[in-house]
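Notes for the one structure printed next.
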Amino acid sequence: MDDKPRARRRRYRRALLASAAGTAVLGGVLVTLPWGGQAPPPAPTPQERALAAVTSGVPAALPDLEALAAERERHLRKHPRDARAWAELGAAQVEHGVRLADPRYWPRAEKALRTALEVRKDNVPALRAMAVLANARRDHASARAWGEAARKLEPGRWTTYPPLIEASAGLGDDEETGRLLEKLMELRSGPAVMARAAAVYRDRGWREDAAAKIADAASAAGEPAERAACLERAGQLAWERGDREDALRHFREAVRTDPDQRAAQAGQGRALAALGRTTEALSAYRTALARHPRPEYALELGELYESLGMRPAAEVQYALLRERVRLAAAHGADEELVLGRFEADHGDARAAVRRLRAEWERQPSTEVADALGWALHRAGEDEEALPFAVRATEGTKGGGVRSALFAYHRGTIERSLERYGAARRHLAEALQINPWFSPLHAPLAKEALARLGEPSVQAGPESS
């Protein structure tokens, strides 16, 4: 008789405990669920993150790109007629090559994208990715053709406009670049559009507007790779205006945000050298080149070594530059601009003129105008050089890039032509924009300006 009440009490206690546990679990679920009882969506997979990035034209993390490419390759072995998957594989390979500065990705990417277009001719994502690939190869005319083909099929697709804007800028078509940017901003807002606008504003000489736009883009960016790319661009803008500390801060934050952001690593080298922290600068450059061997970084590091009197070390970097240019050419990429710049200062100036004339015929951008003008000066053709230097510093409508290097080149050419007033003005402008713009050329600019001295009051108006 006594055992039955005890058994009932035990069952009652167990029921109470189960009820309390159930209530606690339910409470935890209610805390984690949003209103309406819906569970939050699962976190995106690496493949999904990479796909969202490459289809929107923003940087993606390298591990995510690898995961996306591997997944699409597996899928395509079973479904070789999937045009969309071919386009996504090609776009991932393009972005991977850009992130690694490795032109060996370009043929693989092109093969995937052309397969996508063979399966489906009106494949707009594949056409857009072909435009991105052409820009990466510095073939801006082809990029424009691919981009226009995509725009004709879907004029309201915003992702087509960024590669078209880059192509137009590379071709020196400032008016078309402006029209395309206006259309893009009508179709879309967000960090990708802000970053593209910042690039256009920078090319127009609107430095403050460019800095504001890229700061907004960095704040609004979603994934770390996208934010790091914006921070790197902000650092570059700070460097171009001579703010070494701010540039270094942005570059360091970019690397902290995405350790694979090697452009920011090279930017640290640039800023550290300007701050006189030479050992750190050399280390930063070497780290950047180890994973992101762009020929322009080899040129910068070589010139830094040369400024330190370390000529053999400089020659090693110049050899690396030539090797990277050859590798790029073997895979369909155009590095004639950086090779021409190198030859003008460190090799055969007349060979640089020939290369850069051909480049100007293909794509007459601001950067090519500056490089060709400087090569002509180095070859002793100052009269012909000056119009190119003017084009580089003033653009097509008097609103060119605010570049210390371009201003230095123009001032030096004007000095050779005995246009001393203009030379003094542009050499001073170069040093005002960024007194540390080059470890080799900034000291020469200071020396040339000192030799010109102050303008003479008795001499009357100076020629310009």
Side-chain angles (χ1 to χ4, degrees), residues 202 207 235-248 251 263 265-278 280-282 284-285 288-289 294-311 313-315 317-318 320-321 337-347 349 352 356 366-375 377-378 385 388-389 392-393 400-416 423 426-452:
R202 177 259 180 193
R207 201 163 55 194
Q236 181 59 21
L237 289 170
W239 164 252
E240 289 177 356
R241 67 175 181 265
D243 192 337
R244 300 169 295 174
E245 291 83 0
D246 194 40
L248 183 59
F251 289 138
Q265 194 81 50
Q268 286 187 56
R270 217 171 290 134
L272 287 164
L275 288 164
R277 296 159 63 176
T278 307
E280 293 173 82
L282 294 172
Y285 269 122
L289 279 162
R294 294 185 62 168
E296 52 264 47
Y297 300 160
L299 178 57
E300 289 181 31
L301 179 54
E303 291 188 338
L304 178 56
Y305 277 129
E306 196 168 336
S307 74
L308 298 170
M310 303 169 68
R311 184 71 194 184
E315 289 296 343
Q317 297 306 317
Y318 297 154
L320 174 61
L321 179 151
L337 176 57
V338 68
L339 184 58
R341 283 175 171 160
F342 165 74
E343 290 287 359
D345 278 321
H346 308 283
L356 292 166
T366 299
E367 286 75 15
V368 177
D370 169 72
L372 177 54
W374 186 244
H377 161 72
R378 296 284 292 175
F388 290 104
T393 51
V401 177
R402 293 269 293 159
S403 164
L405 181 64
F406 293 2
Y408 162 70
H409 285 166
R410 180 173 176 177
T412 303
I413 293 166
E414 289 165 334
R415 182 168 174 255
S416 296
H426 290 112
L427 290 169
E429 181 184 356
L431 295 169
Q432 182 182 30
I433 293 171
N434 184 355
W436 309 277
F437 67 90
S438 163
L440 280 182
H441 296 296
L444 295 176
K446 293 173 186 175
E447 181 183 334
L449 190 59
R451 287 184 178 179
L452 285 170

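Glu280 meets the salt bridge (charged side-chain N to carboxylate O under 4.0 Å, His left out) test with Arg252, Arg277; sequence neighbours excluded. Listed by chain and number, the residues in a ring-ring contact (aromatic ring centres under 6.0 Å, His included) with His426 amount to none (sequence neighbours excluded). Scored by the salt bridge (charged side-chain N to carboxylate O under 4.0 Å, His left out) test, Arg341 finds no partners at all (sequence neighbours excluded). Partners of Glu343 according to the salt bridge (charged side-chain N to carboxylate O under 4.0 Å, His left out) rule, which considers only residues two or more places apart in sequence or in another chain, do not exist here. Remark: Arg311 pairs with Glu306, Glu315 by the salt bridge (charged side-chain N to carboxylate O under 4.0 Å, His left out) rule, at least two apart or across chains.
One finds the OG atom of Ser403 at 12.5 Å from the OH atom of Tyr408 (value rounded to the nearest 0.5 Å). Taking OG1 of Thr393 as the start and NE2 of His409 as the end, the distance is 12.0 Å to the nearest 0.5 Å. Interatomic distance, CD of Glu367 versus CG of Leu405, reported as 10.5 Å (0.5 Å rounding). Note that CG of Leu248 and CG of Leu272 are 5.0 Å apart. Values are rounded to the nearest 0.5 Å. Taking CG from Leu282 and CG from Leu308, the interatomic distance works out to 6.5 Å, rounded to the nearest 0.5 Å. Here CZ of Arg294 is found 12.0 Å from CG of Leu321. Values are rounded to the nearest 0.5 Å.
The closest side-chain heavy-atom distance from Thr412 to Trp374 is below 4.5 Å. Between Glu296 and Leu337 the shortest side-chain heavy-atom distance does not fall below 4.5 Å. Looking at heavy atoms from C-beta onward, Glu303 lies in side-chain contact with Tyr318 at the 4.5 angstrom threshold. Taking 4.5 Å as the limit, every side-chain heavy atom of Phe388 sits out of range of all side-chain heavy atoms of Ile413. Residues Glu240 and Arg202 form a side-chain contact, since some pair of their non-hydrogen atoms from C-beta on lies under 4.5 Å apart. In this structure the side chain of Leu237 never reaches within 4.5 angstrom of the side chain of Asp243, judged on heavy atoms. Contact annotation: the side chain of Arg207 approaches that of Ile433 to within less than 4.5 Å [non-hydrogen atoms, C-beta and beyond]. Counting heavy atoms from C-beta outward, Leu440 and His346 have side chains that approach closer than 4.5 Å.
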> Is there a side chain to side chain contact (heavy atoms under 4.5 Å, CB included) between Phe251 and Gln236 once you walk through the steps?
Replying inline: CA-CA 8 Å; Phe251 289 138; Gln236 181 59 21; 4.1 Å; yes

> Please walk me through it: do Glu429 and Arg402 pass side chain to side chain contact (heavy atoms under 4.5 Å, CB included)?
Replying inline: CA-CA 9 Å; Glu429 181 184 356; Arg402 293 269 293 159; 3.2 Å; yes

Would you tabulate the side-chain donor-acceptor contacts of residues 441-451 under 3.5 Å, counting partners in other chains and residues two or more places apart, or write 'none'?
unit_1 : atom_1 : unit_2 : atom_2 : d
His441 : NE2    : Asp345 : OD2    : 3.4
Glu447 : OE2    : Arg451 : NH2    : 2.9

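One side chain, Glu300 or Tyr285, offers a donor N or O that lies under 3.5 Å from an acceptor on the other.
When all heavy atoms are compared, the tightest approach of Ala375 to Ala352 is CB-CB, 4.0 Å.
Geometric assessment of Arg244 against the ring of Trp436 yields a positive cation-pi assignment under the 6.0 Å and 45° thresholds.
Salt-bridge check for Asp246 with Arg241: passed, with a basic side-chain N closer than 4.0 Å to an acidic carboxylate O.
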